[in-house]
There are 2 protein chains.
Amino acid sequence: MSAAKTKKTVTNETALAEQLREVGLRPTQQRMALADLLFGRGNRHITAESLYNDALTAGVNVSLATVYNALHTFTAKGLLREITIDSTRSYFDTNVDEHHHFYFEKSGRLEDIDHTSVKLARLPEAPDGLPVSRIDVVIRIDG
Amino acid sequence: MSAAKTKKTVTNETALAEQLREVGLRPTQQRMALADLLFGRGNRHITAESLYNDALTAGVNVSLATVYNALHTFTAKGLLREITIDSTRSYFDTNVDEHHHFYFEKSGRLEDIDHTSVKLARLPEAPDGLPVSRIDVVIRIDG
DNA sequence: CCCTAACATTAGAATTATTCTAATCTTATT
DNA sequence: AATAAGATTAGAATAATTCTAATGTTAGGG
């Protein structure tokens, strides 16, 4: 179902467009469509290729290069989190809260682990007292 | 300094060649040279490109494709451990003991953390009781 | 010992993932 | 509504990695 045509003066801006504006991004056609595919459902782990395929299936006119641009821009703005597990491709997580991951080696699938389920009782001091930006725990599952 | 010429009958096989044979690999020129560059010094974090450059500098005649082959073969045989931190390239660690890593985001450098320095007090159960093959902890340093 | 067949290894060519940059689109300002 | 400044897009280029045909190695028979 398509929304009623927007008049030239912006009067009925959608919530999605507003969210993009809030982080300083223009709500362009391509970004709106990709943001909708990304955030319309629950938390997901996607790759540039998988989002590109989702876009094609949804009939969205967008190039793969633009999908990469959008993923990196969204990550820089804190709307996505990049996870590096498999060097052959980048994964992006729509869950940006503190959490960890199970990685199923055979299928390549990722599963979120709530941060309260993992407790780091002892941690080494960071060299030169430099700030820790993030701690990633990946539990690799043989299956 | 070059070792004395080996006679046709293998009498004075080097220790390095013997180690390769032990894991079922032929001690070819290229592999011997790469193994020497990899394991000759202390623990290191290398990339295919960095090892290739080391080889060129050392005057070793080897292709980049062969460097990739050797790194993956050595990893499969347990002589190296692959670490995935940065999706733009694969790192290989000559330290195959249980340990974790600091990752310096600005320089891209890795530093080993002894496994006794990190204590995981609470861990979630693996789904379906599947076996855990490895737990990786990466502490990302903003510097 | 040497020769040969079977298999392992190598590296040039091909592929895949990602980035770059020139062209296009948006938007704030008038 | 027109314009200029800057953001966004996507075709082309690049970089990382893999594939596969050619080459090298080795064990066993002659």
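From a predicted model like this one, the values you see are computed outputs, not experimental measurements. Sequence lines set the chain letters: A, B, ... in the order given, protein chains first and strands last, and positions in each chain run from 1. Values below: all heavy atoms of this structure, side chains included; hydrogens, waters and symmetry mates excluded.
- Within the 4.0 Å cut-off from OP1 or OP2 of dA11(C), at least one side-chain nitrogen or oxygen of Gln30(B) is found.
- Rounded to an integer number of Å, the gap from CG of Leu34(A) to C1' of dA10(D) is 13 Å.
- Scored by the ring-ring contact (aromatic ring centres under 6.0 Å, His included) test, His72(A) finds Phe92(A) as partners (sequence neighbours excluded).
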Exercise. How far apart are the C-alpha atoms of Asp36(B) and Arg41(B), what are their side-chain angles, what is the distance that settles it, and do they pass the salt bridge (charged side-chain N to carboxylate O under 4.0 Å, His left out) test?
Worked result: CA-CA 8 Å; Asp36(B) 189 47; Arg41(B) 301 179 191 236; over 6 Å; no
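- Asp97(A) and His115(A) share no side-chain donor-acceptor pair at under 3.5 Å.
- Within residues 68-84 of chain A, the residues approaching DNA chain C are Tyr68(A), His72(A), by heavy-atom distance under 4.0 Å.
- Between Arg21(A) and dT27(C) there is a side-chain polar atom (N or O) within less than 4.0 angstrom of OP1 or OP2.
- Using modelled atom types, one finds no donor on one side chain facing an acceptor on the other under 3.5 Å when comparing His45(B) with Asn95(B).
- At the phosphate of dA10(D), OP1 or OP2 sits under 4.0 Å from a side-chain N or O atom of Ser63(A).
- Using modelled atom types and a 3.5 Å distance limit, the side chains of Asp136(B) and His101(B) yield no donor-acceptor pair.
- Nucleotide dA10(D) holds its P atom 6 Å from the CG atom of Asn61(A), rounded to whole Å.
- A donor and an acceptor atom, one from each side chain of Asp114(A) and His100(A), are nowhere located under 3.5 Å apart.
- Mapping Thr88(B) and Thr28(B) onto DNA chain D via the closest heavy atom, the residue that lands nearer the 5' end is Thr88(B).
- Although no hydrogens or angles enter the test, the distance criterion places a donor-acceptor pair under 3.5 Å between the side chain of Thr94(A) and the main chain of Arg44(A).
- The CG-P distance, from Leu25(A) to dT9(D), rounds to 10 Å in whole Å.
- We find that CG of Leu51(A) is positioned 13 Å from P of dT9(D), with the value rounded to whole Å.
- In this structure, the CG atom of Leu64(B) is 18 Å from the P atom of dT14(D), given to the nearest Å.
- Taking atom CZ of Phe92(B) as the reference point, atom P of dT17(D) lies 8 Å away to the nearest angstrom.
- Atom CZ of Arg89(A) and atom P of dT18(C) are 9 Å apart (whole Å).
- Between the CZ atom of Arg26(B) and the C1' atom of dT25(D) there is a distance of 4 Å, rounded to whole Å.
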